[in-house]
Visitor: 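Sending over a structure as C-alpha cells; questions will come in a sec.
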There are 2 protein chains.
Amino acid sequence: MSKKAQITVSQIIQAALSVAADKGAGKVTLDAVAKAAGVSKGGLIYHFPSKEALISAMVQHLLDEADCRREQQTQLEQSTLAALLQTRASFTRQIAGNTAMAILAAAAEQPALLKPVQQHNIVMLQQVLAEHQQSPQALLLFLASEALVFHDLLHISPFTEQERIDLEQLLVQQARELQA
Amino acid sequence: MSKKAQITVSQIIQAALSVAADKGAGKVTLDAVAKAAGVSKGGLIYHFPSKEALISAMVQHLLDEADCRREQQTQLEQSTLAALLQTRASFTRQIAGNTAMAILAAAAEQPALLKPVQQHNIVMLQQVLAEHQQSPQALLLFLASEALVFHDLLHISPFTEQERIDLEQLLVQQARELQA
DNA sequence: TTTACTGTACCAACCAGTCGGTTTTTTCGG
DNA sequence: CCGAAAAAACCGACTGGTTGGTACAGTAAA
C-alpha cells in the first residue's frame, strides 16, 4: 500500500466516523461515507471490500487511538489506573460523538465486531488488577469509569457537564491515593 | 382497546424483543416482528403506526418490568441501592439478550428513543444519593453496577460467569454495609 | 506495469409504510 | 335476549425508496 493509499484509507475512516457522529449509527451507508470522504464508491470498495470491513476498521482505529493517548498519559501518572481514568476523562468527551455512534453501528450491524473491544478491555483490566493486587476498590474505580463512557456512548448520562467533570476528577484522585 | 387487542399488543412487543435477541438489533424489521408475533404486517401497523412507536414501546416495556422487579426487591433490602444492585444481578442476565438488542435497536435507529431510559436513570440516581447523603462510595457502587449492565448489553464483559457473579455479590454486600 | 483510483450504470434484496378489503367485536334499539 | 349497524381489529399484496455490492471502461500516478 502506497503512501497515498494510506492517506485515502485514513480519510475514509475519518469520514465514516464523522458520518456516524453527524447522522447517527443507522445512517452509516457506503454512499454516505464515500461522499464524505471525497472518494467514489468504487474507491471505497477498493479499500474496504465490505461494509463489515469498514466498520471493523473504524473500531480498530478507535482502539488504537485510545491506546496511543493512554500511553502518553501513563508517563504522567503513577499507575495505569490513574492514567486510564485521566485519559478517559479528557478523551471521551472529545470524541464521544464519533466513538459512540461508531460502536453502536458495529454492535447493531454485527455484535461480533465488538470483540476487539472486549479483548482490549480484558487486557486493561488485568493490568490494573495486577498493579493493585486485585484490590476491589481499584476494580470499582475501573468499572465506574467505564459506566461514564457508556453513558456518553448512548447519550444517557444522568449527570450535568459539571457533575461529570467533578466525578471524573474524583475517580482520578481516588486512583492516585490507591497507589500511594 | 379491547382485551384481545391488549393481548395482541403484548404479543407484538414480546415478539419484537425476541427478534432483537435472536437475530440482532439490526434485524428488527416490521415484517420479522409481525411474523414472530403471528400477526400480519397490517395488524402490527394498526397497533404501532410506525417502527419508532414500536421500539419506543419496547423500551418502555423494559423499563416498566425493571421497575416492577425492583419494587419487589426493595421490600427485601434495607436500601434502594442494595435492592437495585441485587435486582440488576439477578435480572440482567435473564433478559440480557432481549434488553441488550432492544436498547441497541433504539439507539441505532434514533438516539432520542433512549430518553426515557435516561430519565429513569436520573430518578434512580437521585434516590440513591439522597438515601446515602451523597456518599461517593454509593455513587461508585451505582456506576460500577451500571457498567456490568452495559457489558451485557454489548456482550463485551471482560469477566467470566463466576467472576461476574462474585462481583455482583461484592457490590450488594458493600451496599448493605454502607447502609449500616 | 502495477496500483490506485474515478464515474456511472446497474441489480437484487430489503424495508417502512399504504391501501382496499375482510373478519371480529362491540354497541344498542326493539 | 336478538340482530343489525357500526366500530375496531386485522389481512396481505403492493409501492416507492434505500442499500450493499457488482461491473467495467477509462485515467492518473508510482
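Chain naming here is simple, since letters A, B, ... match the order of the sequence lines and numbering starts at 1 in each.
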Visitor: Would one find a side-chain N or O of A/Tyr46 under 4.0 angstrom from OP1 or OP2 of C/dC5?
Guide: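 False: A/Tyr46 side-chain N/O out of range (4.0 Å or more) of C/dC5 OP1/OP2.
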Visitor: Measure NZ/A/Lys35 against P/D/dT18 and give the value in whole Å, please.
Guide: 13 Å
Visitor: C/dA16, D/dC10, C/dA4: which one has an atom nearest the side-chain heavy atoms of B/Ser40?
Guide: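 Among the listed nucleotides, the one closest to the side chain of B/Ser40 is D/dC10.
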Visitor: Regarding A/Val33, tell me which of base, sugar-phosphate or nothing describes its non-hydrogen contacts under 4.0 Å with the strands shown.
Guide: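 The answer is nothing, as A/Val33 stays clear of every strand by at least 4.0 Å.
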Visitor: Side chains of B/Leu153 and A/Leu154: does their closest heavy-atom pair fall under 4.5 Å?
Guide: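 Counting from C-beta outward, B/Leu153 and A/Leu154 do come under 4.5 Å.
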Visitor: Could you pull out the closest heavy-atom pair between A/Ala32 and A/Val19, with the gap in Å?
Guide: O-CG2, 4.0 Å
Visitor: Using a cut-off of 4.0 Å on non-hydrogen atoms, how would the nucleic acid contact of A/Gly38 be classed: base, sugar-phosphate, or nothing?
Guide: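 Sugar-phosphate contact only - A/Gly38 comes under 4.0 Å of backbone atoms but never of a base.
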Visitor: Under 4.0 Å between a side-chain N or O of A/His47 and OP1 or OP2 of C/dC5?
Guide: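 Answer yes for this pair, as a side-chain N or O of A/His47 is under 4.0 Å from OP1 or OP2.
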Visitor: At 4.0 Å (heavy atoms only), tell me whether B/Thr29 reaches a base, stays on the sugar-phosphate, or touches nothing.
Guide: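 The residue B/Thr29 makes sugar-phosphate contact but no base contact.
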Visitor: What's the NZ-P distance between A/Lys27 and D/dT19, to the nearest Å?
Guide: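 Those two atoms, NZ and P, are 8 Å apart.
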Visitor: Starting at atom NZ of A/Lys3, determine the distance to atom C1' of D/dA28, rounded to an integer number of angstrom.
Guide: 19 Å
Visitor: Starting from the C-alpha separation in whole Å, work towards a yes-or-no answer on side-chain hydrogen bond (donor to acceptor under 3.5 Å, both in side chains) for B/Thr80 and B/Glu131.
Guide: CA-CA 8 Å; B/Thr80 302; B/Glu131 247 177 52; 2.3 Å; yes
Visitor: Taking only the side-chain nitrogens and oxygens of A/Lys51, find out if one of them lies under 4.0 Å from OP1 or OP2 of D/dG20.
Guide: yes
Visitor: If the plane angle is over 60° it's perpendicular, under 30° parallel, otherwise tilted; pick one for B/Phe150 and A/Phe150.
Guide: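 Correct class here is tilted.
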Visitor: May I have the distance from A/Leu30 (atom CG) to D/dT18 (atom P), rounded to whole angstrom?
Guide: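 Result: 15 Å.
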Visitor: From NZ of B/Lys23 over to C1' of C/dC15, roughly how many Å is that when rounded to an integer?
Guide: 15 Å
Visitor: Please state how far atom CD in B/Glu52 lies from atom C1' in C/dC15, giving the value in whole angstrom units.
Guide: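 Going from CD in B/Glu52 over to C1' in C/dC15 covers 16 Å.
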Visitor: Categorize A/Lys41 for me: base, sugar-phosphate, or nothing, with a 4.0 angstrom heavy-atom threshold over every strand shown.
Guide: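 If one applies the 4.0 Å heavy-atom cut-off, A/Lys41 turns out to touch a base.
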Visitor: Base, sugar-phosphate, or nothing: which does B/Ile45 touch, judged by heavy atoms less than 4.0 Å apart?
Guide: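 Base contact.
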Visitor: Using atom CD1 of B/Ile7 as one end and atom C1' of D/dC10 as the other, report the distance to the nearest whole Å.
Guide: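 Answer to the nearest Å: 15 Å.
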Visitor: Using a 3.5 Å distance criterion without hydrogens, assess whether the side chain of A/Thr74 forms a donor-acceptor pair with backbone atoms of A/Arg70.
Guide: yes
Visitor: In whole Å, I'd like the distance from the CG atom of A/Asp31 to the P atom of C/dG7.
Guide: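 Atom CG in A/Asp31 sits about 14 Å away from atom P in C/dG7.
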Visitor: Reckon A/Ser2 has a side-chain N or O less than 4.0 Å from the OP1 or OP2 of D/dA29?
Guide: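 So the side chain of A/Ser2 is outside the cut-off, no N or O lying under 4.0 Å from OP1 or OP2 of D/dA29.
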Visitor: Which sits closer to the 5' end of DNA chain C, A/Ala5 or B/Gly42, going by the nucleotide each is nearest to?
Guide: A/Ala5
